[in-house]
Q: 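First the structure, then my questions, so here it is.
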Amino acid sequence: MLGYPLLRPHALYDLCSRGSARNSLYVLLLFSGFTLTAQERQSTKNVVVDSLPVPDEPKQLFYLQRDPDANTVIYQLNTVDGVVDVDEPVKAYWIRYAEGGTRKDLNFLQRTMAYGISHKALDDGAFELRLAAYKDHPLRLAYCEKSKTYKVYTTIDRREAALARIFVRIDGGSVLSPNIMYFELTGRDTTTQAQVSERIKPVQ
């Protein structure tokens, strides 16, 4: 058991109920839309989640995917000479699978308003993380003695878990007002190592 408090089991759901998470997701999807073609921006296409690529990047912590395509944001542990960079412990970048798998940095708006990640060093050597679009929901980057690697932890379906993926499902709407059906957190239970997931439906 990790020596830190668990996040409240339905903290993200509470945020949705208050409307802030829904608005933040709108921002996230809006600025991701700026990188899409005009045809894609007008599309109501939903991806088949099971067919999406599963990235396995060096020092990958977790990744984010969403409709309407397979383009993926990777969150990667950032180290210098084998030590976590306290000034920037996590880096985020695209794998643009829909564009031949090219890797691209986040642009300014994506970094500051949607997919970027901020951090705060904690006394135990871990880091509190906050996604730009989820500032009210902290994550925790900490070293796992069992696996000898760093992981990002959160609460999924009332269980402590190492976060693996965030997926956002959109069904129609527009870039300015997408119809968000749910967002889903997936990870591994830290006690049993069983896969756990939780879908959270924003209040419409």
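Here the structure is a predicted model, which means the values were calculated and not measured.
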Q: So, Arg111 side chain and Ala92 main chain: donor-acceptor pair closer than 3.5 Å or not?
A: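 Side chain of Arg111 to backbone of Ala92: no pair is present.
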
Q: Quick one: do Leu122 and Leu131 end up in the same hydrophobic cluster if we chain Ile, Leu, Val, Met, Phe, Trp and Tyr together by side-chain heavy atoms under 4.5 Å apart?
A: no

Q: With side chains defined as the heavy atoms from C-beta onward, is the minimum distance between Leu52 and Phe167 less than 4.5 Å?
A: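 In contact.
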
Q: Measure the spacing between OG1 of Thr186 and CZ of Phe62 and express it to the nearest 0.5 Å.
A: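 Atom-to-atom, Thr186:OG1 and Phe62:CZ are 12.5 Å apart.
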
Q: For salt bridge (Lys or Arg N to Asp or Glu O under 4.0 Å), just list the numbers for Lys45 and Asp67, CA-CA rounded to whole Å, side-chain angles, deciding distance to a tenth of an Å, and then say yes or no.
A: CA-CA 7 Å; Lys45 176 183 176 182; Asp67 294 318; over 6 Å; no

Q: Within 45° of the ring axis of Tyr182 and under 6.0 Å from its six-membered ring centre, is that where the NZ or CZ of Arg199 lies?
A: yes

Q: So does Arg96 get a backbone contact from the side chain of Glu99, meaning a donor-acceptor N/O pair under 3.5 Å?
A: no

Q: Give me the atom names and distance for the closest heavy-atom approach of Glu128 to Pro138.
A: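 Where Glu128 meets Pro138 most closely, the heavy atoms are CG-CB, 3.8 Å.
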
Q: Just by modelled atom types, is the Leu61 backbone N or O under 3.5 Å from a matching donor or acceptor in the Tyr150 side chain?
A: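 Answer holds: no.
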
Q: Mind checking the CD1-CD spacing from Ile117 to Glu88? Nearest 0.5 Å is all I need.
A: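 Output value for this atom pair is 10.5 Å.
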
Q: Has the side chain of Arg188 got a donor or acceptor atom that lies under 3.5 Å from a matching backbone atom of Gln193?
A: yes

Q: Determine the interplanar angle of the His119 and Phe127 rings, folded into 0 to 90°, and report it as parallel if under 30°, tilted if 30 to 60°, perpendicular if over 60°.
A: perpendicular

Q: Rounded to the nearest 0.5 Å, what separates atom CG in Leu141 from atom CG in Leu163?
A: 11.5 Å

Q: To the nearest 0.5 Å, what is the distance between CG (Asn71) and CH2 (Trp94)?
A: 6.0 Å

Q: Over all heavy atoms of both residues, which pair between Thr155 and Glu198 is shortest? Give the atoms and the distance, please.
A: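 Taking Thr155 first and Glu198 second, the nearest heavy atoms are O-OE1, 4.4 Å.
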
Q: Mind checking whether Tyr63 and Val73 have side chains closer than 4.5 Å, heavy atoms only?
A: no

Q: Mind listing the closest non-hydrogen atom pair of Arg66 and Tyr115 along with its distance?
A: NE-OH, 3.6 Å

Q: Looking at Tyr153 and Ala142, what are the two nearest heavy atoms and their distance?
A: CE1-O, 3.9 Å

Q: Go through the steps for Tyr143 and Lys151 under the test side chain to side chain contact (heavy atoms under 4.5 Å, CB included), then give the verdict.
A: CA-CA 6 Å; Tyr143 187 73; Lys151 296 180 182 293; over 6 Å; no

Q: Tell me the closest heavy-atom pair linking Leu185 and Ile156, and the distance in Å.
A: O-CG2, 3.8 Å

Q: So if you build clusters from Ile, Leu, Val, Met, Phe, Trp, Tyr with side-chain heavy-atom gaps below 4.5 Å, do Leu139 and Leu106 land together?
A: yes

Q: Is a donor on one side and an acceptor on the other found under 3.5 Å between the side chain of Gln60 and the backbone of Pro55?
A: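 It does hold such a pair.
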
Q: Side chains of Tyr75 and Leu64: closer than 4.5 Å at any heavy-atom pair?
A: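 Tyr75 vs Leu64: side chains touch.
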
Q: Is it the case that more than 12 heavy atoms not belonging to Lys120 sit under 6.0 Å from its NZ atom?
A: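 No, NZ of Lys120 has 12 or fewer neighbouring heavy atoms, counting only those of other groups under 6.0 Å.
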
Q: Can you see which heavy atom on Pro53 is nearest to which on Gln65, and at what distance?
A: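 It is O-NE2, 3.0 Å.
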
Q: So does Ala70 get a backbone contact from the side chain of Thr72, meaning a donor-acceptor N/O pair under 3.5 Å?
A: yes

Q: Out of the candidates Glu57, Arg103, Lys104, only one should pair with Tyr93 under the side-chain hydrogen bond (donor to acceptor under 3.5 Å, both in side chains) rule; please name it.
A: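 Checked Glu57, Arg103, Lys104 against Tyr93; only one passes side-chain hydrogen bond (donor to acceptor under 3.5 Å, both in side chains): Glu57.
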
Q: Group every Ile, Leu, Val, Met, Phe, Trp and Tyr by side-chain heavy-atom contacts under 4.5 Å, then state whether Val49 and Tyr97 land in the same group.
A: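 No; tracing contacts between hydrophobic side chains, which count when under 4.5 Å, never links both residues.
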
Q: Is the backbone N or O of Asp189 less than 3.5 Å from a side-chain atom of Thr192, with the two atoms forming a donor-acceptor pair by type?
A: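 Checked: no pair found.
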
Q: Could you check if a side-chain atom of Leu77 sits within less than 4.5 angstrom of a side-chain atom of Thr79, using non-hydrogen atoms only?
A: yes

Q: Can you tell which of Leu129, Asp85, Asn78 makes a side-chain contact (heavy atoms from CB on, under 4.5 Å) with Val90?
A: Leu129

